[in-house]
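Presented below is the structure to which this report refers.
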Amino acid sequence: MGSTKNRLLVTSALPYANGALHLGHLAGAYLPADIYVRYKRLMGKDVLFVCGSDEHGAAITIRAKKEGISPKEIIDKYHNLNKDTFQKLGISFDFYHRTSAPLHHETAQEFFKKLLDKGGEFEERTTDQYYDAEYNQFLADRYIKGTCPHCEYEEAFGDQCENCGRDLSPTELIKPVSTLSGKKPELKSTSHWYFRLDNHEEWLRKWIQEGTLEGQAHHDPRSWKKHVIGQCLSWLDSGLQPRAITRDLDWGIPVPVEGASNKVLYVWFDAPIGYISATRQWGIDKKGDPDYWKKYWQSPDSELVHFIGKDNIVFHCIVFPAMLKAHGSYQLPVNVPANQFLNFEGQKFSKSRGWGIEQHEYLELFKSFPNKEDALRYALIRNMPENRDADFKWDDFVDYHDKELADNLGNYLNRVIVLTHKYFDGKCPSPENMPVEGLRSLFEKAEEVGRLIEKFSFKAAIMALMEISSFGNTYLQDVSPWKIFKRDPDSPLIKECIFLSLQNVAILSQLIKPFLPGIAKKMADLLGLPAASEGSIADMFEKLSSGESLINPGHKIGDPEILFAKIDDRKDRSIMDIIDIQKEKLAKIMEEQKPKQPSLKDRITYDDFTKLDIRTARILSAEKVKGADKLLKLEVDMGFEKRTLVSGIAKFFKPDEIVGQQVLVLANLAPRKIRGVESNGMVLMAENEEGKLTFVEPKGSWDIGFPVN
RNA sequence: GGCGAGGUAGCUCAGCUGGUUAGAGCGCAGGAUUCAUAAUCCUGAGGUCGGGAGUUCAAGUCUCCCUCUCGCUACCA
């Protein structure tokens, strides 16, 4: 279950400094980590929470080139933007580092050297790769263009042809050209280091499946999420392969080996080490001790937890642990509570389509909304994609805030404060007997919230928290001090009720801090309590369990104040207007999307057209191609001959439905083997925007084998 | 086709190692109440737990088959 050790290191996935982060990222890897970390701090644990920008990789250099700026300008921009946005949203990193920092380079290089010197962990492989003599460097696949061997598209990239969508390797390209110099690159041999992941398969399986490491219990595998273990075992089952950990590139961390100029560490090797270098830098800056970081990484009384999105599971559960184990001095993570993805109004976030909203955009849009940070945090927690994909909707956002935070919690706090002022002049009354049982039951409810956080069940935890507020409302209703007051203003029942209600509100003000830090502060202020601080939840549990009160008789609370102004407020529509504009924007995108017809291809000549020999034909038989999902093997009658061809239409047509179907066949297409079956020609189909297919056929009954001109 | 995760009330989701009449929030219907932000509280309706077969004294929970959704992957000239 949760951690038992006193020291805890928590990481959130390093954002790639090539763009802004959207709400899905926040809900996936940053918000859950922040809740967990804040809770642990309030429980008095020694917690360190690190993150930072991942600033290497070819995507950044390519973009820099396209925009005519330096990679440095890009990474600076997004490093600062993301760091600043996280801070505004209350993500309480102890340190936000960056992988371009010298200390990170040093750390990654040391790590590499250590594994290299150890022997057996790496192997060197030499392959032929294209080299641009003018620019004096090897070319990443994306930097090479040429003619696609499959479709003859002339602008195909070295890794993929964007015309026919096939994956390529650079050496397959006909007439390759370097995009740097525009000249023909030469094939040159180059060597790279590979990490022997395959050597680590055996212990990884035990570690993940049973939670044991070198025969010792390491963690409880039942506390890991199902989809995390499932995906890891799936990988292990298919066998681990050595993975390249270096690249020929000039943007990144130089490989610390003599003669390895223009080689850098591949980004996936470099990035997770960023967690380590962030810790190191923090230790130097904040503790003045260059070795302080070891307490968190290399000491058995510390626990490591990685928060990530599901796209990162393999790196954090297989690759990075293998690196750490290979190194030998490091602790392995006790859990990797990966979240799934958050969609936005039913569809994936997509920057290019304008679908979704980025974190900084949200803050900007709602700058007039006082509770914007906590309103967002709440909506994302309530709807967190903990075990499956979830969907963010504006309507939910409004409902969660108004119905749960404002109506239930905010109104409850207000009731208690108003009643205290009304009957006791704003001072906590003194109950005739300490309601020990009442305190005890409040304690149990509060503890439950903590238990759920320890289990990484944040959604359930915040609902358990709201349950405390709901319980408070019910309790007030049951006692109804306002009724008692009418007949007996001095009744001890009123004192006890308000006393206990104040204790309950105090509990809420503490427990809510991991989730909604801004609101927690406001609540504490209203109650005249000090803000929650390190260890304060632990202290609270201590007091409650021994029957002590949190707010003592005579304590003066503040004046009533509205904690949550509603979004859907009939007197003030300003926040609702912002949301309506967002909804309209989405509706417009949906509208524009509908007729998604592909744009016209380049003009051709009549001669080009006459090269095509299209014939009328009829399907004689059809069967599924074994082992392929979309393929049908067709026998067609073209009159003068019968042919076999393979067509990717199995998703739409059952074999026996299409026997006898008239079709048009491109008859002079070069034969090609597909899934082991030779295809001689191609059936012409019309395709709509959803990718649905229909046959193109002559009208009525038509003879077969005749040309289409 | 392979692998992974899912398919539980109108909607969004909980249900751990199988065990009494399957739960929560929202929505809906009825009622109570007025300290409070037209808030709150109570009661109720509503589910053959995707379908089928099996194991078991007992299955939403285990096994097998099928089906649908999402993701990765292969193949789609």
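All chains are named by letter (A, B, ...) in the order of the sequence lines, taking the proteins before the strands, and each is independently numbered beginning at 1.
Between the C1' atom of B:C11 and the CZ atom of A:Arg388 lies a distance of 13 Å, rounded to the nearest Å. Rounded to whole angstrom, the span from the CG atom of A:Asn343 across to the C1' atom of B:C70 amounts to 9 Å. Nucleotide B:A39 holds its C1' atom 11 Å from the CH2 atom of A:Trp482, rounded to whole Å. Between A:Trp235 atom CH2 and B:C3 atom P the separation is 17 Å, expressed in whole Å.
With no hydrogens or angles considered, a side-chain donor-acceptor pair links A:Lys225 and A:Asn339 at under 3.5 Å.
Nucleotide B:C57 forms a Watson-Crick or G-U wobble pair with B:G19, both donor-acceptor distances falling under 3.5 Å. With both pairing distances under 3.5 Å, B:C75 is matched to nothing as a Watson-Crick or G-U wobble pair. Nucleotide B:C70: paired with B:G4 (Watson-Crick or G-U wobble, both distances less than 3.5 Å). Using the Watson-Crick or G-U wobble rule with both distances under 3.5 Å, B:A32 pairs with B:U40. Partner assigned to B:C64 is B:G52, using Watson-Crick or G-U wobble distances below 3.5 angstrom. Taking a pair to require two hydrogen-bonding distances under 3.5 Å in either a Watson-Crick or a G-U wobble arrangement, B:G25 pairs with B:C11.
Contacts of A:Ser470 with the nucleic acid, taken as non-hydrogen atoms under 4.0 Å apart, involve only primed sugar atoms and P, OP1 or OP2. Contact annotation for A:Gln340: backbone-only contact, meaning every heavy-atom pair under 4.0 Å involves sugar-phosphate atoms and none involves a base. Within the 4.0 angstrom heavy-atom criterion, base atoms lie near A:Lys566. Among the protein residues, A:Ile417 comes within range of no part of the nucleic acid, since none of its heavy atoms lies under 4.0 Å from any strand. Using a 4.0 Å heavy-atom cutoff across all strands shown, A:Gly230 reaches sugar-phosphate atoms only and no base atom. Residue A:Met466 is classed as having no contact, given no heavy-atom separation below 4.0 Å to the nucleic acid. Residue A:Phe564 is classed as a base contact, given a heavy-atom separation below 4.0 Å to a base. Heavy atoms of A:Lys348 sit under 4.0 angstrom from primed sugar atoms or phosphate atoms, though from no base atom.
For A:Glu404, the side-chain atoms get nearest to B:G25 when compared with the rest of B:A14, B:A36, B:G25. Listed nucleotides B:G27, B:A24, B:A39 differ in distance to A:Asn411; the shortest reach to its side chain belongs to B:A39. Comparing B:U33, B:G6, B:G27 against the side chain of A:Lys226 picks out B:G6 as the nearest. Of the candidate nucleotides B:A39, B:A36, B:C42, B:A39 has the atom lying nearest to any side-chain atom of A:Asp407. For A:Ala390, whose side chain is taken as the heavy atoms from C-beta onward, the closest listed nucleotide among B:C3, B:G27, B:C13 is B:C13. With distances taken from any side-chain atom of A:Lys486 to the nucleotides B:A77, B:G71, B:C35, the minimum falls on B:C35.
The local environment of NZ in A:Lys556 is crowded, with over 12 non-hydrogen atoms from other residues, nucleotides or ligands closer than 6.0 Å. Counting heavy-atom neighbours within 6.0 Å of A:Arg222 CZ, excluding the residue itself, gives a total of 12 or less.
With P as the reference atom, B:G27 and B:A39 are 10 Å apart, rounded to whole Å.
Applying the 3.5 Å distance criterion, the base of B:A36 shares no donor-acceptor pair with the side chain of A:Asn414.
Considering all non-hydrogen atoms of both residues, A:Phe456 and A:Glu386 come closest at O-OE2, 3.4 Å.
Judged by a 6.0 Å distance limit and a 45° cone about the ring axis, A:Lys348 is not positioned over the six-membered ring of A:Phe341. Geometrically, A:Lys445 engages A:Phe471 in a cation-pi contact defined by less than 6.0 Å to the ring centre and at most 45° from the axis.
Positionally, the nearest nucleotide of RNA chain B for A:Ala565 lies more toward the 5' end than for the other of A:Asp389 and A:Ala565.
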